[in-house]
Amino acid sequence: MYSFSQAFAKRKRKQPDLNTGELDAHIYHEKIRSVVLEGSRALLEAGRQCGYLTEALTAPPSESVQSHECCLAALCDMAKQLPLMDESVEAPVQTLNRDGLDPSLDLFSYITENPFDCAYEVTLMKERYLLPPRSRFLLSDITRMHPLVNSGDKFDLIVLDPPWENKSVKRSNRYSSLPSSQLKQLPVPALAAPECLVVTWVTNRVKHLRFIKEELYPYWEVEVLAEWLWVKVTRSGEFVFPLDSPHKKPYEVLVLGRYRRATDHADRSSAAEELPEQRLLMSVPSVLHSHKPSLSDVLKPYISPKPKCLELFARSLQRDWTSWGNEVIKFQHSSYFTRERAEEPSKTSETPLTQ
């Protein structure tokens, strides 16, 4: 029988000497490669049968999204000069008004909520944003997260998409990165309900993956349970990058675990379905840089009914979710949506927007 270890041993002898870190990364990506190749076949076939992947679409669309110049992160830095909100405030939440114009809202010290059952277009800081139904957000950096903690909410699902340090980010200057060590400052234990599902997006650097599994999750008292893969394909069903590319890979990793303090005695059998250790997710990535697919439907079987969900380092909002980040409403700007006329106009003057 021709095993993986035999195949790798033959390849290894033909390659130059690798240091320990490079060797670990090589072994890891070789294992992932076989998982992606095997798991993708069935997903691609199912996608084609459903009409999601069409061979005729062999080239990306020629139209590009007009990027809005985002100054939210800079505004968060400026907001640090403002006095801190009284941390004794029990409910640091402010809701939108019906008129859609809220010049007095303090977006940096309070959680802002759209309490309505429909999306709402509002003017914030002289810019127009579309807020999904029943969505909440806090615009701040990592030093001013106390409104989230003071809200008293305990979340059943926490998804993180940290701005990992890497050379590509430094060259492009698209957003500021964050050293891994600073992630420990996030108040995840204060925000997590018992058995909270914690999900972290991580780049393909083995160094970051090891940090999450060996340092970050244990520090938060999160038990590592699974490692999933998001495979990115074109609209014709091809990997967005070659699997053997030494730099960019056509997949990203999700590390999943549950918040389980030693002092908690939660009934683990009452948690939703058991989390599979491995799972392959596949989709055509957004044209917006580093914009991840929503995990709401994918994770629904593994969390409690009517869960409270939180996204950290968010750059867009989701229906029924709370979101935090220093660019949390970036992709909710009206410039990222197209305006369509409703067939039966409502009594209000608002016009539906689609993204």
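Keep in mind that this is a model prediction, so the values were computed, not measured. Sequential numbering from 1 along the given sequence is applied to the chain's residues.
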Lys/Arg-Asp/Glu bridge criterion (N-O < 4.0 Å) met for Glu121, Arg128:
yes
Could you tell me whether Tyr52 atom OH has more than 12 heavy atoms of other residues or ligands within 6.0 Å of it?
no
Could you walk me through whether Glu223 and Arg260 pass salt bridge (charged side-chain N to carboxylate O under 4.0 Å, His left out), step by step?
CA-CA 7 Å; Glu223 180 182 352; Arg260 290 171 172 170; 2.8 Å; yes
Taking Lys249's backbone N and O only, do any of them form a donor-acceptor pair with Ser245's side chain (distance below 3.5 Å, no angle check)?
no
Please check: side-chain N/O of Asn114 versus main-chain N/O of Ser135, any donor-acceptor pairing under 3.5 Å?
no
With sequence neighbours excluded, residues passing side-chain hydrogen bond (donor to acceptor under 3.5 Å, both in side chains) with Thr112:
Gln94
Is the distance between the ring centroids of Trp321 and Phe137 under 6.0 Å?
no
If you take all heavy atoms of Pro162 and Leu183, which pair is closest and at what distance?
CB-CD2, 3.9 Å
Lys/Arg cation over aromatic Phe155: Lys308, 6.0 Å, 45° cone
no
Testing the basics here: between Pro218 and Ile212, what is the closest heavy-atom pair and its distance to 0.1 Å?
CD-O, 3.8 Å
Of the non-hydrogen atoms in Phe108 and Leu138, which two are nearest, and what is the gap between them?
O-CD1, 4.0 Å
Looking only at heavy atoms, which two atoms of Ser177 and Glu165 are closest? And how far apart?
OG-CG, 3.5 Å
Please state whether the rings of Tyr251 and His29 are parallel, tilted or perpendicular, taking 30° and 60° as the class boundaries.
tilted
Can you tell me how the ring of Phe116 sits relative to the ring of Tyr120, calling it parallel under 30°, perpendicular over 60° and tilted otherwise?
tilted
Tell me which one of Tyr217, Tyr259, Trp220 satisfies side-chain contact (heavy atoms from CB on, under 4.5 Å) with Val188.
Trp220
Salt-bridged, Asp161 to Arg315, with N to O below 4.0 Å?
no
So do Asp153 and Leu191 actually touch side chain to side chain, heavy atoms under 4.5 Å?
no
Can you confirm whether more than 12 heavy atoms, excluding those of Gln185, are under 6.0 Å from its CD atom?
yes
Holding to side-chain hydrogen bond (donor to acceptor under 3.5 Å, both in side chains), I want the full list of residues that pass it with Gln318, two or more places apart in sequence or in another chain.
Ser294, Ser296, Glu311
With the threshold set at 4.0 Å, does a side-chain nitrogen-carboxylate oxygen contact exist between Glu252 and Lys232?
yes
Determine whether the aromatic ring centres of residues Trp230 and Trp201 are separated by less than 6.0 angstrom.
yes
Residue pair Asp156 / Glu195, side-chain heavy-atom distance below 4.5 Å:
no
Side chain to side chain contact (heavy atoms under 4.5 Å, CB included) involving Leu280 - partner list, sequence neighbours excluded:
Val35, Ser40, Leu43, Leu229, Val231
